[in-house]
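Worksheet for the structure shown next.
Proteins get letters first, then strands, A, B, ... in listed order; numbering begins at 1 in each. Bear in mind the structure is a predicted one, so any value in this text is a computation, not a measurement. Excluded from the calculations below are hydrogen atoms, water molecules and symmetry mates; all remaining heavy atoms, backbone and side chain alike, are included.
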Amino acid sequence: MRSALSRPSLKHVLRSCSGAQALVQIHALMLVTGSLYYPHSSGHLISAYARIGDVAAAHSVFRTASNPNISTWNALIIAHSRRGSLDQVLRLYRLLVSQGRPRPDSSTFTVTLKACAQLFDLRSGREVITHASDLGYSHDVFVCSSVLNMYAKCGKMDDAMRVFDEMPKKDIVSWTTMITGFVNAGNPVEAIEVYRKMQAEGVEGDGIVMVGLLQACAAFGDMGIGQSVHGYMLRHHIETDVVVETCLVDMYAKNGFLETAHIVFEKMTSKNVVSWSALISGYAQNGFASDALWMLIKMQEFGLCPDSVALVSAILACSHIGFLKLGKSIHGFIMKRFDFDHILGTAVIDMYSKCGSLLSARALFNRVCSRDLISWNTMIASYGIHGHGKEALSTFLEMSKTEFKPDHATFASLLSAFSHSGLVEEGRHWFNLMRQEYRIGPSDKHYVCMVDLLARAGHVEEAHELIQSMPDEPGVAVWVALLSGCHNHKKLELGQYAAGKVLELCPDDLGIYSLVSNVFAVAKNWDKVVEVRRRMKNMGTRKVPGYSLVEVEGKLHAFRMEDRSHPQYEKIMDLLKRLDFEMRKLGYKPKTEFVFHDLDEEVKERMLGNHSEKLAIAFGLLTTSPGTRILETARHRSTSSSRLQQILSGGRSIWPELKLEHEALNENAEKVHLSSSSASGTTILTVLQALSFLVASLQEKKISQILVVLFLKALQGIPGSQRLQIRKAYDSPQHLPSAHACFNRLDLPECTSEEQLRRRLLLAINEANEGFGIG
DNA sequence: CTAGGGTTAG
């Protein structure tokens with residue numbers, strides 16, 4: 001018996017012990033035979049107790065050890081480290097140090113440093129480092145790697161680099177630590193640089209190095225390097241596992257190479273929730289909402305249940321296409337199955353806001369207890385999107401009373417809220433405060449907001465001066481903001497200048513070109529108009545056709561331009577033709593009609609049908625009752641039109657098991673959502689809300705002439721800078737700044753006269769310069 | 001030393 005428990009095999013016996021009962025028996029035997037008092041025995045016993053999760057027993061073994069040696073100490077410290085009791089690790093380490101014996105060894109320092117890293121406790125970390133080097137461990141490769149890791153986790157890459165350079169011998173772990181350290185510090189270039197040095201020293205990378213390297217490539221955004229790393233891995237037969245392969249999928253997906261990501265994903269030998277999520281989030285983040293949702297379905301068919309990370313991507317997809325119904329279902333699902341962490345909460349708040357339900361967003365914001373800076377930013381942005389500048393500001397002030405300090409995104413949201421609400425003075429004020437008090441240097445985004453704010457309010461010269469004061473070369477968005485303001489306020493000279501700047505920068509967006517074209521058209525600069533139209537045509541043939549989606553009663557319907565496949569296509573075209581006819585009877589002439597010379601019936605039908613938003617809106621109007629709000633949401637892309645149709649209008653419930661939760665939530669404020677891949681913006685939101693409520697509040701026949709005017713105006717494909725004009729149309733006072741306000745305005749008694757409305761609307765339309773038939 | 005998630009414009 002005694003020989004069976006002699007030291008060489010004791011470790012193995014204890015290790016094979018999986019049950020508490022067996023362990024207690026061996027413990028007793030060790031006490032009786034006295035083998036517990038052999039040098040390493042109590043350490044092994046402590047480890048064994050720790051392995052079955054009995055830390056109390058581990059502690060009692062430790063207490064009974066008369067003179068615990070360092071391996072006994074280490075066993076207990078490691079036990080705490082394993083179960084995440086990091087404070088205990090530090091407590092024991094300090095106790096050990098204060099006693100002055102036994103002498104800590106390499107393992108002691110490694111484990112303690114790891115705890116410091118996990119606690120981001122730089123002070124204790126430095127304490128440990130000093131002690132370790134006093135005891136002569138400053139060249140120990142294990143200790144050094146832990147030091148590197150500790151510095152890296154605490155964001156001290158400078159210190160890590162210094163230690164790393166002084167290491168006489170570097171192993172694969174220390175190289176890896178430096179690479180992942182730089183990646184997590186947001187410095188992929190340095191990470192790649194370290195890898196190059198490692199190669200130069202003849203060290204062959206393994207899978208774990210590749211994980212860091214692939215993350216660096218993903219963050220760096222250069223797929224040339226990424227692909228060469230992938231190729232290297234294949235050529236050198238580097239062993240990959242599910243983690244490495246997931247990194248590959250993620251790298252391709254994050255950078256928009258979704259076909260490649262999908263191929264790599266398909267070839268994976270084993271897939272888990274993380275691998276699926278990498279692909280799903282790739283689709284969602286790149287605007288392929290239906291593909292993201294499709295993969296979510298596939299993942300469930302595969303037998304995996306989505307976790308909170310996968311759901312965040314699904315929520316993101318819902319906000320992109322305005323799929324409120326599914327978004328709400330997922331919200332219900334989360335409430336039942338998960339705790340709301342702050343990321344999940346923020347995603348759902350944002351979803352409600354983007355899907356038009358500001359009240360739900362705020363209600364959830366109030367309920368979610370774990371808020372962070374991004375949650376606050378999201379809430380401020382939500383008010384901004386809905387044109388509630390004052391509320392955005394009061395939310396900002398509310399946030400100022402908390403521990404969170406506003407960052408660049410906070411100010412971007414705040415400034416855009418002012419811009420959407422016409423709060424020019426506030427905009428100027430806070431833009432200055434941002435620079436002077438908060439010491440935040442304005443970025444391109446902030447300039448876009450400010451230029452938009454000023455130009456929208458007619459201060460185009462001031463906006464231009466602001467652009468000229470920019471430290472860096474302004475991006476397209478800045479010029480587009482100026483252009484849009486000039487267009488609205490008929491500032492033709494500056495407008496054409498801005499248009500020229502936009503053309504120089506070659507944006508990849510048809511909607512912007514239509515705005516450019518309109519500005520030249522108003523200025524009667526026909527050569528330019530022809531040139532821009534030509535460029536648009538070239539783009540149009542290269543690009544995948546856009547989609548518009550409309551959600552009716554929780555089901556999404558997809559339309560492509562000139563798409564005749566919809567069962568109700570005839571009815572839709574009838575409505576569009578009728579509207580077009582009524583519109584012209586009112587004296588409406590699109591100003592850029594010269595582009596389409598012969599308006600025979602067939603051409604007209606094409607013009608009406610080649611705008612996917614028109615088809616979607618007409619369908620929405622045909623299938624919903626008057627007074628239904630139609631909301632426009634963000635753009636949508638899809639890798640496959642058949643997939644889109646399958647998901648969106650196949651009559652198939654995307655998530656059957658969620659049905660009950662959805663009904664439990666039952667919030668029936670909105671019915672119809674429109675989303676579109678083309679660039680027309682908030683005009684549609686504004687006008688369609690107006691349209692739908694006009695029908696209700698005037699108790700009209702299905703469609704009146706005014707509605708026709710409004711409707712066609714809604715379909716002009718003008719970028720979303722028309723709010724001011726719409727506002728003018730309702731002759732609303734300055735304190736009604738937003739689309740939302742405009743929409744509310746329609747309920748006011750003075751607007752109940754159809755004649756009054758008609759005059760105002762015609763005025764607005766004559767002032768506007770529409771483009772026509774932009775797909 | 002190892003993978004996936006939320007905010008910022010028109």
Side-chain angles (χ1 to χ4, degrees), chain A residues 114 145-146 148-149 152 171-181 206-212 214-215 218 241-251 253-254 272-282 284-285 307-316 319 341-351 353-354 372-382 384-385 407-417 419-420 443-449 451-452 456 475-478 480-481 483-485 507 509 511-512 515 634-635 679-683 718-723:
Chain A
K114 190 178 166 193
S145 288
S146 305
L148 298 181
N149 183 47
D171 65 354
I172 186 96
V173 176
S174 41
W175 286 106
T176 312
T177 308
M178 291 308 287
I179 292 170
T180 40
D206 62 0
I208 301 177
V209 171
M210 293 305 145
V211 167
L214 291 170
Q215 285 180 306
D241 57 9
V242 63
V243 177
V244 182
E245 287 168 5
T246 301
C247 276
L248 272 171
V249 171
D250 184 56
M251 176 187 72
K254 267 210 176 70
N272 59 22
V273 180
V274 182
S275 337
W276 283 87
S277 298
L279 190 63
I280 292 171
S281 69
Q285 287 165 357
D307 63 1
S308 65
V309 178
L311 289 179
V312 165
S313 297
I315 299 264
L316 189 64
S319 6
D341 64 39
H342 53 279
I343 296 182
L344 209 38
T346 306
V348 178
I349 290 167
D350 182 59
M351 183 277 296
S353 149
K354 296 251 168 74
D372 67 354
L373 181 59
I374 299 186
S375 326
W376 282 99
N377 289 350
T378 304
M379 201 55 239
I380 293 168
S382 300
I385 290 169
D407 68 350
H408 59 112
T410 317
F411 280 102
S413 304
L414 188 65
L415 293 174
S416 85
S419 162
H420 287 173
S443 72
D444 215 60
K445 288 249 157 56
H446 299 115
Y447 281 107
V448 173
C449 293
V451 170
D452 187 65
R456 195 186 283 272
V476 203
V478 177
V480 171
L483 176 65
S484 173
D509 188 326
I512 291 176
L515 176 63
R635 299 168 201 195
S680 26
T682 337
T683 317
I718 303 169
S721 49
Q722 299 281 314
R723 265 172 297 224

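For K254(A), the listed nucleotide lying nearest its side chain is dG4(B); candidates were dG4(B), dC1(B), dT7(B). The Q215(A) side chain lies nearest to dA3(B) when the options are dA9(B), dA3(B), dT7(B). In the set dT8(B), dC1(B), dA9(B), the nucleotide with an atom closest to the side chain of I208(A) is dC1(B). Nearest nucleotide to the A381(A) side chain, out of dT8(B), dT2(B), dA3(B): dT8(B). With dA3(B), dA9(B), dG5(B) as the choices, the nucleotide that has an atom nearest any side-chain atom of S281(A) turns out to be dG5(B). Checking dC1(B), dT7(B), dT2(B) against every side-chain atom of L316(A), the shortest atom distance belongs to dT7(B). Among dC1(B), dA9(B), dG6(B), the nucleotide with an atom closest to any side-chain atom of V312(A) is dG6(B). Of all nucleotides listed (dT8(B), dA3(B), dC1(B)), dA3(B) comes nearest to the side chain of N272(A). Side chain of T346(A), nearest nucleotide from dG6(B), dC1(B), dA3(B): dG6(B).
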Query - Test side chain to side chain donor-acceptor pair (under 3.5 Å) applied to D171(A) and S174(A), step by step - result: CA-CA 5 Å; D171(A) 65 354; S174(A) 41; 2.8 Å; yes
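Heavy atoms of S375(A) sit under 4.0 angstrom from at least one base atom.
In this model, no side-chain donor or acceptor of N377(A) finds a partner on the base of dG6(B) within 3.5 Å.
Judged as a salt bridge (Lys or Arg N to Asp or Glu O under 4.0 Å), and not counting sequence neighbours, the contacts of K254(A) are D250(A). Considering only residues two or more places apart in sequence or on other chains, W276(A) meets the ring pair (Phe, Tyr, Trp, His ring centres under 6.0 Å) condition with F265(A), F302(A).
An OP1 or OP2 oxygen of dT7(B) is reached within less than 4.0 angstrom by no side-chain nitrogen or oxygen of S319(A). Checking the phosphate oxygens (OP1, OP2) of dT8(B), a side-chain nitrogen or oxygen of K354(A) falls inside 4.0 Å.
For L248(A) and dG4(B), the CG to P distance is 12 Å, given to the nearest whole Å. Atom-to-atom, CD of Q285(A) to P of dG5(B) comes out at 6 Å; the value is rounded to the nearest Å. Computed from coordinates, the L373(A) CG to dT8(B) P distance equals 13 Å when rounded to whole Å. I343(A) has its CD1 atom 12 Å from the P atom of dG4(B), to the nearest Å.
A donor-acceptor distance shorter than 3.5 angstrom exists from the side chain of D307(A) to the backbone of A310(A), with no hydrogens or angles considered.
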